[in-house]
Amino acid sequence: MEETLLQQGLDITLFGMGIVFTFLLLLVIGTSIMSRIIIRNFPEAEPAAPAASSPAADDARLRAIIKAAIDQHRKRR
Amino acid sequence: MEETLLQQGLDITLFGMGIVFTFLLLLVIGTSIMSRIIIRNFPEAEPAAPAASSPAADDARLRAIIKAAIDQHRKRR
Amino acid sequence: MEETLLQQGLDITLFGMGIVFTFLLLLVIGTSIMSRIIIRNFPEAEPAAPAASSPAADDARLRAIIKAAIDQHRKRR
Amino acid sequence: MDNLLNLWLASGAYKMASGQFIMILVGLGLLFLAIRKNFEPLLLVPIGFGGILANIPGANLALSAAETALVSGDPEILRQMAQLLGTAAGDSLYALKEALGNAPAAVQARAAELATDAGFNNGMLYNFYNVAIASGVAPLVIFMGVGAMTDFGPLLANPRTLFLGAAAQFGIFATVLGAVGLSAAGIMDFSIADAAAIGIIGGADGPTAIYVSSLLAPDLLGAIAVAAYSYMALVPLIQPPIMRALTTPEERRIEMVQLRHVSKREKITFPLLILILVALFLPDAAPLLGMFCFGNLMRECGVVARLSDTAQNALINITTIFLGLSVGSKLAADKFLDPKTLGILALGIIAFAIGTATGVLMAKLLNVFSSHKVNPLIGSAGVSAVPMAARVSNKLGLEANPQNFLLMHAMGPNVAGVIGSAVAAGVMITMVRAMTG
Amino acid sequence: MDNLLNLWLASGAYKMASGQFIMILVGLGLLFLAIRKNFEPLLLVPIGFGGILANIPGANLALSAAETALVSGDPEILRQMAQLLGTAAGDSLYALKEALGNAPAAVQARAAELATDAGFNNGMLYNFYNVAIASGVAPLVIFMGVGAMTDFGPLLANPRTLFLGAAAQFGIFATVLGAVGLSAAGIMDFSIADAAAIGIIGGADGPTAIYVSSLLAPDLLGAIAVAAYSYMALVPLIQPPIMRALTTPEERRIEMVQLRHVSKREKITFPLLILILVALFLPDAAPLLGMFCFGNLMRECGVVARLSDTAQNALINITTIFLGLSVGSKLAADKFLDPKTLGILALGIIAFAIGTATGVLMAKLLNVFSSHKVNPLIGSAGVSAVPMAARVSNKLGLEANPQNFLLMHAMGPNVAGVIGSAVAAGVMITMVRAMTG
Amino acid sequence: MDNLLNLWLASGAYKMASGQFIMILVGLGLLFLAIRKNFEPLLLVPIGFGGILANIPGANLALSAAETALVSGDPEILRQMAQLLGTAAGDSLYALKEALGNAPAAVQARAAELATDAGFNNGMLYNFYNVAIASGVAPLVIFMGVGAMTDFGPLLANPRTLFLGAAAQFGIFATVLGAVGLSAAGIMDFSIADAAAIGIIGGADGPTAIYVSSLLAPDLLGAIAVAAYSYMALVPLIQPPIMRALTTPEERRIEMVQLRHVSKREKITFPLLILILVALFLPDAAPLLGMFCFGNLMRECGVVARLSDTAQNALINITTIFLGLSVGSKLAADKFLDPKTLGILALGIIAFAIGTATGVLMAKLLNVFSSHKVNPLIGSAGVSAVPMAARVSNKLGLEANPQNFLLMHAMGPNVAGVIGSAVAAGVMITMVRAMTG
Ligand code: NA
Ligand code: NA
Ligand code: NA
């Protein structure tokens with residue numbers, strides 16, 4: 001019985017590590033292929049500066065609001 | 001058997017559409033009576049300038065502005 | 001049977017109130033001891049200006065500024 | 001054309017028994033109280049709506065598959081069921097339902113299989129009730145959420161107020177006595193389990209009442225829950241006259257010293273202290289007080305804020321919806337329209353009144369022995385009904401003395417009352433089981 | 001080395017039957033439509049993913065413990081199962097599964113115990129399906145959430161639009177006729193229950209379709225749900241040609257008077273009115289319409305905002321995740337890859353087209369009898385598909401007349417269509433049960 | 001007066017066995033570690049509290065109705081149970097519980113019916129365990145939520161780091177060997193299923209550990225979960241000495257090139273790629289990896305933000321509460337206070353140590369074959385323990401070179417470790433079942 005148990009443990013270890021490595025190897029290969037296909041066929045316009053667009057007019061109004069807020073904030077103290 | 005199945009389908013269609021129309025007719029009648037009773041007995045002070053939209057919409061716009069302000073504020077530091 | 005039922009009711013009442021009082025008495029005693037131990041061994045530095053650290057405090061300041069901004073924004077309309 | 005007839009036979013108007021009609025009106029009444037009068041709407045809206053659903057004739061939403069099969073009147077099914085249940089072939093529907101309810105679990109399982117094979121399903125509300133209440137989980141989860149919302153600070157600052165929470169539980173036990181008295185006098189027919197379940201109304205705590213009655217008297221659960229929540233909403237009407245009658249204007253004017261600051265450590269330790277005392281002395285209160293303390297520990301420990309937040313919001317809301325609808329399933333006409341319901345409603349209000357009185361009297365008693373005077377108005381908060389009862393104490397205090405802010409002081413007995421009634425619930429469950437088991 | 005063999009035998013590649021391979025492609029296709037084409041992604045992402053999971057060879061995620069035991073091929077288990085099910089010893093796997101599915105509930109319970117004792121478990125998706133759909137709870141909870149998101153204001157301002165919602169349900173019944181016709185002609189083999197479940201696709205309402213098919217034709221549920229959600233997403237393609245064909249440019253240009261203000265009281269009373277009419281006349285629609293009205297009452301009554309909020313967010317989202325995965329479990333190859341699926345897909349689009357047409361025609365009919373003209377473009381919104389169909393009406397209105405904002409006007413028939421198809425669902429469930437019971 | 005005696009007999013103090021007393025201290029210890037030392041508090045607070053609840057003497061919260069009936073000592077029930085289970089009349093309580101646990105499903109169902117008829121109920125924690133863990137749903141739902149919180153960007157930018165996640169799983173299998181070695185040496189008595197369940201501690205992933213042990217060794221679940229979460233919290237103490245011992249200062253100073261930008265399309269496709277590989281090659285990992293990928297797809301696809309948000313918040317929080325309490329139910333004294341627990345704790349830390357070492361060594365091996373050097377400090381992150389292990393890598397990197405920011409680089413092996421241990425879990429479940437089934 002002991003031998004069997006040990007044998008079972010060894011089986012699990014060998015096949016287990018084998019499968020883990022094989023599966024992750026397949027995943028490395030699959031991922032590399034996938035990335036290559038996507039990068040080649042669907043190039044992204046640009047790494048896209050954080051898309052929060054800020055037109056100049058908005059900016060001016062914003063700055064006004066914030067300035068007002070800060071002024072008020074300072075007055076209150 | 002086919003005849004029976006067809007007959008069953010016809011039954012479901014006739015009675016089904018009948019019930020749907022009857023029920024929704026009752027609902028039209030019920031709704032009309034209900035609205036009349038409520039409008040007569042509980043007149044609302046005022047149609048309440050479309051209460052939902054303006055403050056909520058405003059708030060949303062405000063929040064957007066503020067978020068932008070914060071982002072900008074943080075970037076500047 | 002009636003006598004039994006009444007007797008059962010009385011039992012529940014007497015023992016019930018007894019247990020409730022005993023348990024809450026134990027809790028009063030336990031709580032007092034606990035509080036005394038904690039107050040003696042772990043005196044709090046101070047009733048502790050809301051212990052939240054710097055980023056949270058910053059956020060609070062920011063929120064105050066923004067609230068002011070909103071108020072002003074509303075007043076302008 | 002048979003189908004048209006079938007549909008007509010299936011339609012509600014034909015089957016609407018007067019009892020169901022009355023119960024639909026009761027359900028609408030509960031919705032009115034909840035929506036217009038703000039009577040504990042979080043519970044009474046789902047309960048009222050569930051009550052209406054449970055009484056839609058022919059929909060059988062509150063029945064099990066087996067009960068639906070019986071109600072269907074199919075003679076073949078009735079014959080098989082009668083055989084399975086060992087009743088006489090010609091027995092009435094009522095006798096069959098009774099026999100099914102009292103059958104051993106194995107027979108009930110067979111009846112369910114039989115009904116399933118014949119194409120019957122459990123009603124929606126029946127399923128909700130089984131999952132939410134019969135399993136005990138919904139009241140316990142709500143209790144956990146309540147624990148996560150409870151601040152024991154005022155109680156810890158003044159632990160003596162626990163005695164007020166204890167005294168107010170006398171309302172529970174006086175009601176038990178009242179119920180057995182009515183039975184002994186032959187006016188009502190309450191068993192000792194019924195009496196205990198009714199008494200718990202006096203605990204003024206919804207989930208505790210539902211938990212106890214689901215264990216001891218499920219048939220009365222609908223009436224007990226409705227009474228408990230309604231009277232909790234009526235606390236501002238029920239309590240003031242009693243409080244005024246039992247106190248002098250001088251007593252009502254007593255100002256209490258400001259509560260000391262309670263440290264985080266004390267607040268974290270307190271739920272664990274309760275838990276340990278429960279483990280040592282009161283295992284039967286373990287489910288209720290255990291979940292309550294767990295919720296409170298999540299709140300106070302400061303390291304599981306996201307769990308505490310969910311327990312106080314999404315989880316308690318979801319549970320409340322299904323708990324309410326499930327309670328509604330026990331407002332089926334044949335269970336609610338019973339003289340017992342009148343008895344429950346009458347005894348329930350007595351329970352609240354007595355609990356209020358004993359809370360106030362205990363506060364006066366404490367003042368006899370102590371120099372730190374307690375305003376007896378906070379004694380009434382010991383019935384629980386959080387936070388309504390504490391607000392009532394505060395209001396009467398301000399009437400007597402405009403500088404007299406009792407709200408925080410009353411929160412102590414208020415949460416003590418929650419603990420007190422959970423203790424009482426545990427004791428009663430144990431004792432009743434020992435008596436009837 | 002046996003273990004390596006076992007593992008290989010257990011691996012998917014070996015067992016991947018062509019049907020499962022095709023269904024995985026179908027699942028990926030649904031994900032593509034959901035993610036890239038925005039086809040009802042809230043449902044089709046979970047459904048598509050669940051469909052892939054259900055078809056992983058050897059994983060048995062959509063099978064019960066007993067089915068898994070049969071599929072395992074263990075000869076001892078097969079022998080015991082065959083004995084239990086009373087089939088011949090040498091019967092095929094298919095025959096055994098068939099016998100298991102048709103066995104009485106008691107035998108199924110024995111089979112489950114047998115499989116459990118042999119170490120087999122229910123698959124994950126099988127459990128999800130049982131809890132979420134077989135119990136009926138998930139579609140009902142989603143319907144409650146939809147009710148809590150629905151504003152009946154436009155409908156109350158113009159109750160006549162209920163007729164448009166009624167007329168559009170003809171799509172449902174025409175499809176029923178089509179399905180029985182196909183069967184009668186020997187082209188397909190739909191039972192009357194199948195026909196009713198397929199017809200409900202024309203209701204253009206996902207939870208209603210899932211609820212009805214779970215009761216009447218669970219094997220077709222996968223195809224029906226996929227058809228219902230896909231065609232709802234295709235409404236902007238399906239409806240416009242039909243709408244243009246049935247209306248003149250003058251009709252499309254009709255401007256409608258602005259809707260009157262609807263008071264809070266009317267909005268609170270309306271779900272109760274529906275509930276009472278259901279109680280009186282249509283008990284079989286009680287689960288669907290009851291939960292829908294309950295959700296709407298929570299929304300409008302104003303005193304249970306936290307419950308309404310949870311019903312519209314956490315609760316409906318959680319339910320959607322499990323509902324979608326559960327529907328996916330019915331995309332198992334042996335159920336989906338069936339000629340019936342083609343029939344369902346063909347009949348489903350006919351249902352949408354007919355419902356659109358009858359809605360538009362009813363609007364034109366209303367204009368014959370009334371001086372307050374209705375723009376017939378809002379008739380098509382009566383099929384439900386909230387809010388897509390109303391947006392289509394608005395878009396075509398603007399094309400014909402840039403001042404013609406029909407969106408709010410179309411919301412009336414749009415929500416009326418939800419009520420209408422729930423009514424139709426209730427009627428069909430009752431009638432089919434009476435026919436087959 | 002009998003009642004007073006009953007109550008005393010029912011009270012905890014009388015029944016408090018020393019084992020339960022010790023376990024309550026253990027529960028308090030876990031709470032201390034969670035609250036004061038911040039040891040994975042989201043899990044250890046509910047686990048610790050549940051452990052205390054499970055050990056309240058006389059409350060029987062972790063027992064089934066049938067077990068409670070046995071524990072009650074009622075002679076009539078004991079006689080009936082003994083007869084049902086086929087044990088000798090005079091057998092000890094322990095023998096009866098053993099026989100009940102090993103009885104076929106049909107007999108267990110009869111025992112449950114018998115206990116129900118005698119008025120016994122399932123304990124609260126027993127119900128929680130059955131619904132949350134025995135069904136498998138809670139660990140899977142948490143895995144879905146973790147998937148929805150996981151950003152595969154760093155892994156996709158540098159897929160080689162998957163090898164680090166693979167290598168670190170050797171900790172799992174070394175522990176399996178250690179466990180069978182201890183058994184072979186006669187020191188412990190672990191079956192091969194026990195050994196596999198203990199090994200998974202080395203996966204450093206809570207839900208995976210709970211899922212595997214619920215299937216392979218439910219009696220050890222409490223100890224395994226406690227070990228897994230405790231050692232995950234101890235990662236900052238366990239890993240650094242091993243990492244320093246296996247690397248030279250020069251290696252620790254290696255700076256890695258900045259990660260490339262990963263497109264949305266890659267992130268959407270990646271979970272589907274895993275899913276397809278699972279379907280093709282590893283069906284037994286389908287539940288765990290399927291739910292994980294589903295969560296991640298919901299996160300990345302961008303069209304079901306509300307579902308993703310719920311999966312990351314309300315749903316995972318609710319599930320965590322019940323998962324934790326359920327795990328606590330397996331801290332009952334008779335299961336936890338066993339020499340096996342010591343073995344589990346010892347083997348668990350060895351698992352972490354070996355996984356750390358093999359991860360680091362694999363990184364050094366990669367450097368032998370590649371010109372793009374990898375800092376071997378990120379190898380240790382392959383054990384999972386997200387994100388603690390990645391932070392440890394970063395900290396040691398900064399110590400060696402203040403310009404060396406490894407955090408994002410270490411996130412690659414960190415999430416790879418999650419995939420790796422899910423794969424290992426799937427393999428072990430299949431192999432153990434084949435060995436024991
Ligand atoms: Na109370
Ligand atoms: Na519809
Ligand atoms: Na791992």
Side-chain angles (χ1 to χ4, degrees), chain C residues 1-70, chain D residues 152 155-157 159-167 169-170 172-181 183-186 190-192 195-196 199 260-266 268-270 272-274 276-278 280-282 285 358 416 419-421 423-424 426-428 430-432 435-436:
Chain C
M1 185 62 189
E2 271 98 79
E3 204 188 37
T4 316
L5 187 66
L6 270 181
Q7 185 61 48
Q8 288 177 328
L10 272 173
D11 276 13
I12 286 185
T13 302
L14 290 178
F15 300 139
M17 277 311 285
I19 300 279
V20 168
F21 263 103
T22 312
F23 188 85
L24 294 197
L25 174 64
L26 288 170
L27 198 52
V28 171
I29 297 171
T31 305
S32 305
I33 295 174
M34 173 199 82
S35 288
R36 207 165 308 147
I37 293 175
I38 288 178
I39 290 171
R40 186 176 308 153
N41 296 319
F42 306 95
E44 287 203 336
E46 199 171 306
S53 59
S54 75
D58 254 355
D59 259 355
R61 219 183 75 227
L62 216 85
R63 228 173 284 135
I65 292 176
I66 286 153
K67 206 184 161 306
I70 294 171
Chain D
F152 279 124
L155 179 63
L156 287 166
R160 278 188 312 159
T161 55
L162 278 163
F163 289 121
L164 306 177
Q169 307 314 316
F170 187 66
I172 293 177
F173 296 104
T175 310
V176 174
L177 284 183
V180 299
S183 284
F190 294 125
S191 69
I192 188 67
R260 74 169 174 89
H261 170 75
V262 173
S263 73
K264 202 76 196 145
R265 261 199 187 75
E266 290 171 82
I268 295 175
T269 314
F270 186 64
L272 294 172
L273 176 67
I274 301 180
I276 289 167
L277 289 177
V278 165
L280 288 173
F281 303 109
L282 206 64
T358 49
I419 301 173
S421 42
V423 171
V427 173
M428 292 207 300
T430 308
M431 292 188 72
V432 168
M435 286 165 176
T436 62

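Numbered from 1 within each chain, the chains take letters A, B, ... in sequence-line order.
Both the backbone and the side chain of D:Ala167 come within contact range of chain C, each with at least one heavy atom under 4.5 Å from a heavy atom of that chain. The contact between C:Leu26 and chain D is made by backbone and side chain atoms together, counting heavy-atom distances below 4.5 Å. Residue D:Ser191 touches chain C through its backbone alone, counting heavy-atom pairs closer than 4.5 Å. When heavy atoms are compared at a cutoff of 4.5 Å, C:Met17 approaches chain D by way of both its backbone and its side chain. Using a 4.5 Å cut-off between heavy atoms, D:Ala195 does not touch chain C at all. Residue C:Leu14 does not touch chain D at all, counting heavy-atom pairs closer than 4.5 Å. Using a 4.5 Å cut-off between heavy atoms, C:Leu25 contacts chain D through both its backbone and its side chain.
Chain C forms the most heavy-atom pairs under 4.5 Å with one residue out of D:Ile276, D:Val176, D:Thr269, D:Val262, and that residue is D:Thr269.
The CZ atom of D:Phe163 lies 9.5 Å from the CG atom of C:Leu27; values are rounded to the nearest 0.5 Å. Distance CG/D:Leu162 to CD1/D:Ile419: 6.0 Å, rounded to 0.5 Å. Of the inter-residue distances, the one linking C:Thr4 atom OG1 with C:Gln7 atom CD reads 8.0 Å to the nearest 0.5 angstrom. The structure places CD of D:Glu266 at 11.0 Å from CD1 of D:Ile268, a figure rounded to the nearest 0.5 Å. Atom-to-atom distance recorded for D:Phe281:CZ and D:Leu277:CG is 6.5 Å, nearest 0.5 angstrom.
Relative orientation of the D:Phe270 and D:Phe152 rings is perpendicular, given thresholds of 30° and 60° on the angle between their planes.
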